[in-house]
Amino acid sequence: MKRCILVGSLKNMNNYAVETRRRSRSLLVVEGKHEKDELFWLIFKCFPEMNIDIDDVWIYGTNIYKLYEDIVKEYGNDWAKDEMDVDLPFVISKKEHPETIYYRNDFTNIILVFDYERHDPAFSEEKILEMQHCFEDSTDMGKLYLNYPMIESYLHLKSIPDEEYINRKIPVSLQPGDKYKGLVKSESIIEKAVELPHRIDDLLAGDRYRVSDVEKRNGCCDAILKISTNELEKKLEEILCIVGDEKKEKTLKYQLKDWITKIGYTCENRTYWEYMRRVLQEIVCHNIRKAARIQKEDANENDVRKQFEQIDLSEILNVQNEVSRNFEKGFIWVLSTCVLLIPDYNFKLIK
């Protein structure tokens with residue numbers, strides 16, 4: 001079986017000065033703001049060992065089928081068949097910010113994160129298979145992680161652990177994408193935890209509390225998320241004095257206490273970041289086992305690393321294409337492959 005993972009291939013990722021081109025630099029090309037501002041922001045916060053700069057996450061702003069068209073414009077219709085050496089940073093930067101052109105040699109690793117989106121009018125089995133086959137190595141042309149049916153699949157756990165996830169699928173007829181987003185919102189056990197830092201920031205910055213100083217607000221949010229004790233009220237009182245209004249501080253304290261208590265990490269004497277690191281590890285393991293299930297490997301295999309090393313993203317795409325062809329009776333296996341970036345970087349991070 002062909003191995004699609006390059007364990008350790010993403011390790012040489014170092015910080016750099018913005019003004020200069022750096023040798024050890026990783027580029028992530030993602031479809032939208034959610035991927036950059038929520039998912040990968042959270043991953044990099046919880047796994048600082050990955051040492052990837054959030055500024056090197058480029059929002060492409062549209063789907064993989066549009067990216068395919070942009071590659072065709074630059075390299076011609078037969079780029080995949082002719083096995084042409086595609087320079088994705090050049091293709092994207094030329095279109096998005098032509099005043100600053102980047103090239104493949106500017107990056108050590110190139111990662112692409114896009115949605116499957118069978119419902120899109122431009123969907124093509126042939127095109128998406130070409131993309132998956134051609135972009136399979138992050139240290140070469142790039143590595144493509146497809147999410148089924150879309151990015152929100154990483155949130156689609158109803159409990160932790162979720163024994164039903166391994167068989168979770170959605171009907172092809174569940175369209176458009178907003179319907180799947182709504183389904184995830186109604187079923188996800190982790191969405192509120194993922195959103196907590198942003199909810200706190202929005203609350204502090206809003207009309208009621210008006211903490212307009214970004215530095216103070218960031219410091220306040222950071223302090224709140226580092227609370228790891230059952231003495232939650234006391235700690236919140238100490239932090240929220242920046243509001244400058246005793247009555248408002250009290251209201252805010254009880255609101256934040258309610259949010260944090262419902263998530264439950266302080267009861268385990270963990271900070272938010274420690275808790276979410278564990279949640280992300282669970283998400284990764286659920287999706288490794290799910291990938292094995294889709295590939296008809298032994299999903300009950302206890303050796304998660306063995307399952308991980310057998311993952312073939314092209315084979316998974318072939319299966320997804322096959323089971324989703326019939327609009328009325330077809331289905332799509334719910335699967336997040338982009339979270340596999342974490343063990344791809346270093347498998348020890350999920351243990």
Side-chain angles (χ1 to χ4, degrees), residues 6 9-10 12-41 43-44 50-117 120-124 126-147 150-151 177 214 313 337-338 341 344-345:
L6 302 168
S9 68
L10 305 176
N12 297 318
M13 304 179 179
N14 301 317
N15 286 333
Y16 50 85
V18 174
E19 295 81 7
T20 59
R21 302 285 173 93
R22 289 134 291 195
R23 291 182 182 177
S24 297
R25 184 179 181 186
S26 294
L27 171 66
L28 273 75
V29 181
V30 300
E31 191 165 326
K33 290 183 179 180
H34 179 101
E35 290 91 323
K36 177 175 181 175
D37 297 342
E38 293 196 30
L39 176 56
F40 285 109
W41 178 85
I43 287 174
F44 299 158
M50 294 180 73
N51 204 19
I52 300 175
D53 196 311
I54 195 67
D55 290 334
D56 276 339
V57 180
W58 292 1
I59 298 175
Y60 184 62
T62 187
N63 62 37
I64 193 168
Y65 308 107
K66 182 60 180 172
L67 177 58
Y68 185 96
E69 290 177 13
D70 289 340
I71 295 172
V72 167
K73 287 177 185 175
E74 195 65 42
Y75 294 94
N77 290 317
D78 296 328
W79 67 272
K81 184 175 67 175
D82 294 343
E83 299 182 350
M84 297 190 73
D85 207 19
V86 175
D87 190 328
L88 266 184
F90 171 73
V91 171
I92 295 171
S93 62
K94 179 183 175 184
K95 176 185 177 182
E96 300 296 325
H97 40 81
E99 70 284 355
T100 308
I101 300 294
Y102 288 92
Y103 300 92
R104 201 171 79 193
N105 289 340
D106 292 321
F107 303 95
T108 307
N109 301 279
I110 300 169
I111 299 109
L112 311 173
V113 176
F114 283 87
D115 295 347
Y116 179 55
E117 293 188 295
D120 191 274
F123 175 83
S124 162
E126 180 184 359
K127 290 177 181 178
I128 201 166
L129 279 167
E130 286 179 353
M131 293 291 285
Q132 189 71 80
H133 288 149
C134 293
F135 297 100
E136 61 176 2
D137 183 348
S138 67
T139 63
D140 187 25
M141 282 168 45
K143 181 168 181 177
L144 172 61
Y145 296 89
L146 286 172
N147 297 298
M150 55 202 308
I151 187 66
V214 175
L313 298 181
T337 69
C338 71
L341 176 62
D344 255 346
Y345 183 91

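Just the heavy atoms: all of them, side chains too, but no hydrogens, waters or symmetry mates, feed the values below.
Partners of Tyr68 according to the side chain to side chain donor-acceptor pair (under 3.5 Å) rule, which considers only residues two or more places apart in sequence or in another chain, are Glu130. Lys33 pairs by the salt bridge (charged side-chain N to carboxylate O under 4.0 Å, His left out) definition with nothing, not counting sequence neighbours. Under the ring-ring contact (aromatic ring centres under 6.0 Å, His included) criterion, Phe90 pairs with Tyr103, sequence neighbours left out. Remark: His97 engages no residue in a side chain to side chain donor-acceptor pair (under 3.5 Å) (not counting sequence neighbours). The side chain to side chain contact (heavy atoms under 4.5 Å, CB included) check on Lys36 picks up Val30, Ile54, Val57, Ile59, with sequence neighbours excluded. For Asp82, the salt bridge (charged side-chain N to carboxylate O under 4.0 Å, His left out) criterion is met by no residue, not counting sequence neighbours.
Rounded to the nearest 0.5 angstrom, Met141 CE and Asp137 CG are separated by 10.0 Å. Distance check: Leu146 CG to Ile151 CD1 gives 10.5 Å after rounding to the nearest 0.5 Å. Atom CD of Gln132 and atom CD1 of Ile64 lie 7.5 Å apart (nearest 0.5 Å). The line from OG of Ser138 to CG of Leu27 is 11.0 Å long, rounded to the nearest 0.5 Å. Distance CD1/Ile92 to CG/Asp87: 9.5 Å, rounded to 0.5 Å. Distance check: Glu35 CD to Asn147 CG gives 7.5 Å after rounding to the nearest 0.5 Å.
In this structure, Thr108 contributes its side chain and Arg25 its backbone to a donor-acceptor pair below 3.5 Å. Within the 3.5 Å criterion, the main-chain N or O of Ile52 finds no donor-acceptor partner in the side chain of Ser26.
Legend: salt bridge (Lys or Arg N to Asp or Glu O under 4.0 Å) pairs involving residues 93-104, not counting sequence neighbours, sorted by first then second residue: Asp70-Lys95, Glu74-Lys94, Asp85-Arg104, Arg104-Asp140.
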Under the side chain to side chain contact (heavy atoms under 4.5 Å, CB included) rule, what do Leu341 and Ile43 come out as? Steps first, then yes or no, please.
-> CA-CA 10 Å; Leu341 176 62; Ile43 287 174; 5.9 Å; no
